[in-house]
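This report refers to the structure that appears directly beneath it.
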Number of protein chains: 2
Amino acid sequence: MVRAGLSTERLVRAGAELADEVGFEQVTVSALARRFDVKVASLYSHLKNSQDLKTRIALLALEELADRAADALAGRAGKDALSAFADVYRDYAREHPGRYEAARFRLDPEAAAASAGGRHAQMTRAILRGYDLAEPDQTHAVRLLGSVFHGYVSLEAAGGFSHSAPDSQESWTRILDALDSLLRNWPTP
Amino acid sequence: MVRAGLSTERLVRAGAELADEVGFEQVTVSALARRFDVKVASLYSHLKNSQDLKTRIALLALEELADRAADALAGRAGKDALSAFADVYRDYAREHPGRYEAARFRLDPEAAAASAGGRHAQMTRAILRGYDLAEPDQTHAVRLLGSVFHGYVSLEAAGGFSHSAPDSQESWTRILDALDSLLRNWPTP
DNA sequence: GCCATTTGCCTAAACCCTTTAGGAAGCAGC
DNA sequence: GCTGCTTCCTAAAGGGTTTAGGCAAATGGC
């Protein structure tokens with residue numbers, strides 16, 4: 001009986017791949033066990049339960065996404081930074097749909113606190129330093145950007161913009177232009 | 001043996017209520033059977049399968065949402081229409097979280113075509129008549145609005161904006177102001 | 001009011017996923 | 001080569017999905 005060499009690390013990584021292949025919803029402990037050609041119960045030495053697996057995949061995705069975003073942001077400012085940051089989200093979602101779904105997985109407060117969520121918020125604020133927004137407008141703008149990025153990417157993933165003109169890439173570009181313009185001319189009531 | 005008086009109609013309606021109570025993910029044929037105090041297999045006379053149930057709940061939610069939006073839009077234009085329309089989405093999601101999740105359920109192309117999805121798109125376009133946008137910018141704007149509304153509401157539902165100042169209502173108001181301003185000053189490249 | 005047909009709900013059973021308990025074999029350090 | 005920890009296993013219970021086949025309640029024609 002040769003051992004499979006499982007570890008939490010390997011399982012989570014394989015789970016993320018599985019998510020990209022079949023969708024995050026379909027990631028099950030059973031499917032993962034099949035992938036390692038191992039009995040289901042064996043995974044429970046490395047994973048607390050199914051929820052634990054999903055949480056860990058979500059944390060992995062958030063971390064990867066934050067790393068990419070940090071990379072993209074380095075040395076950029078203003079519209080340049082805005083576009084680069086937005087593209088990171090969109091590209092990640094297209095390359096890794098399952099992981100992206102995972103990143104949207106509702107974490108319990110404890111996991112959320114330990115997640116890269118804070119880095120994401122910090123980076124969004126960093127982008128806004130290129131625009132002239134004081135609080136509380138800066139926070140409103142952070143929320144707007146988060147909404148647009150997440151909303152667009154998830155509608156696109158759901159197929160909302162395919163099979164109709166103009167193509168999605170064009171809308172994306174023009175929406176980023178529009179957001180840049182909006183941030184430069186943020187209305188005061 | 002008294003009959004329970006099941007029907008597809010009643011099951012879907014009860015399924016929608018169940019979704020609001022426990023979340024759309026937790027809506028199962030079994031849970032629904034328990035609610036009617038009936039054996040699980042009995043539901044399969046009225047429902048093709050679990051997917052069918054979820055699809056029908058999604059269609060119901062989309063229909064309700066479109067009805068409310070149509071109501072809100074009647075007699076309004078410009079910013080007034082924009083705000084009323086946006087509030088319909090947000091309020092519906094807060095009143096009926098499970099149904100709102102359902103409305104975001106990925107439908108198969110056939111169901112999507114038969115859904116109220118088209119009405120939603122039409123209404124968004126109607127709002128933009130109050131602004132001066134020619135194609136293809138109108139389509140870009142439709143996509144932007146859809147992204148913001150969906151994105152904001154779903155981040156809010158995930159608890160993203162709670163427990164931090166300024167409160168969500170204020171951001172929402174200011175974001176609608178910002179969108180109105182953006183639509184009135186849509187940048188041309 | 002009776003009977004035949006339709007319909008609605010049931011039992012039974014197969015299959016899959018989750019999770020826990022307890023056991024045996026691999027591997028490391030001495 | 002023994003000791004003990006870890007890894008993986010078998011077994012079993014519990015829940016959800018789905019199909020097949022059966023009996024009883026409702027319905028409508030006479």
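The model shown is predicted, which means the values in this text are computed figures rather than measured ones. Reminder, nothing fancy here: chain letters follow the sequence lines and each chain counts from 1.
For B:Asp167, the side chain to side chain donor-acceptor pair (under 3.5 Å) criterion is met by no residue, not counting sequence neighbours.
Using modelled atom types and a 3.5 Å distance limit, the side chains of B:His46 and B:Thr8 yield no donor-acceptor pair. If you check the side chains of B:Tyr152 and B:Ser168, you find a donor sitting under 3.5 Å from an acceptor.
Looking only at side-chain heavy atoms (C-beta outward), B:Arg104 and B:Phe24 stay at 4.5 Å or farther from each other.
For D:dG16, the OP1/OP2 oxygens have a side-chain nitrogen or oxygen of B:Arg34 closer than 4.0 Å. In terms of phosphate contacts, B:Ser42 brings no side-chain nitrogen or oxygen within less than 4.0 Å of OP1 or OP2 of C:dG8. Using a 4.0 Å cut-off, some side-chain N or O of A:Ser30 falls inside it from OP1 or OP2 of C:dT18. Dashed line: the shortest gap from a side-chain N or O of A:His46 to OP1 or OP2 of D:dT6 is not under 4.0 Å.
Rounded to whole Å, atom C1' of C:dC10 lies 17 Å from atom CZ of B:Phe36. When the P atom of D:dG16 is taken as reference, atom NZ of B:Lys54 falls 12 Å away, rounded to whole Å. In this entry the distance linking NZ of A:Lys39 with P of C:dA24 reads 18 Å, nearest Å. Here D:dT7 presents its C1' atom at 13 Å from CZ of A:Arg10, a figure rounded to the nearest Å. Atom CG of B:Leu32 and atom C1' of D:dG15 are 16 Å apart (whole Å). Between B:Asp37 atom CG and C:dG8 atom C1' there is a gap of 15 Å when expressed in whole angstrom units. Between the C1' atom of D:dT6 and the CG atom of A:Leu43 lies a distance of 15 Å, rounded to the nearest Å.
Atom CG of A:Asp108 is surrounded by more than 12 heavy atoms from other residues, nucleotides or ligands within 6.0 Å.
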Atom pairs, protein N/O to nucleotides 19-22 of chain C N/O, distance under 3.5 Å:
unit_1 : atom_1 : unit_2  : atom_2 : d
C:dT19 : OP2    : A:Tyr44 : OH     : 2.9
C:dT19 : OP2    : A:Ser50 : N      : 2.7

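A salt bridge links A:Glu21 with A:Arg35; the closest basic N to acidic carboxylate O contact falls under 4.0 Å. At a threshold of 4.0 Å, the pair B:Glu156-A:Arg143 does not count as salt-bridged, since none of the basic side-chain nitrogens sits closer than that to a carboxylate oxygen. A salt bridge links A:Arg125 with A:Glu135; the closest basic N to acidic carboxylate O contact falls under 4.0 Å.
For an aromatic pair to be called close, the ring centres must be under 6.0 Å apart, and B:Tyr92 with B:His96 satisfies this.
At a non-hydrogen distance threshold of 4.0 Å, nothing from residues 18-28 of chain B comes into contact with DNA chain C.
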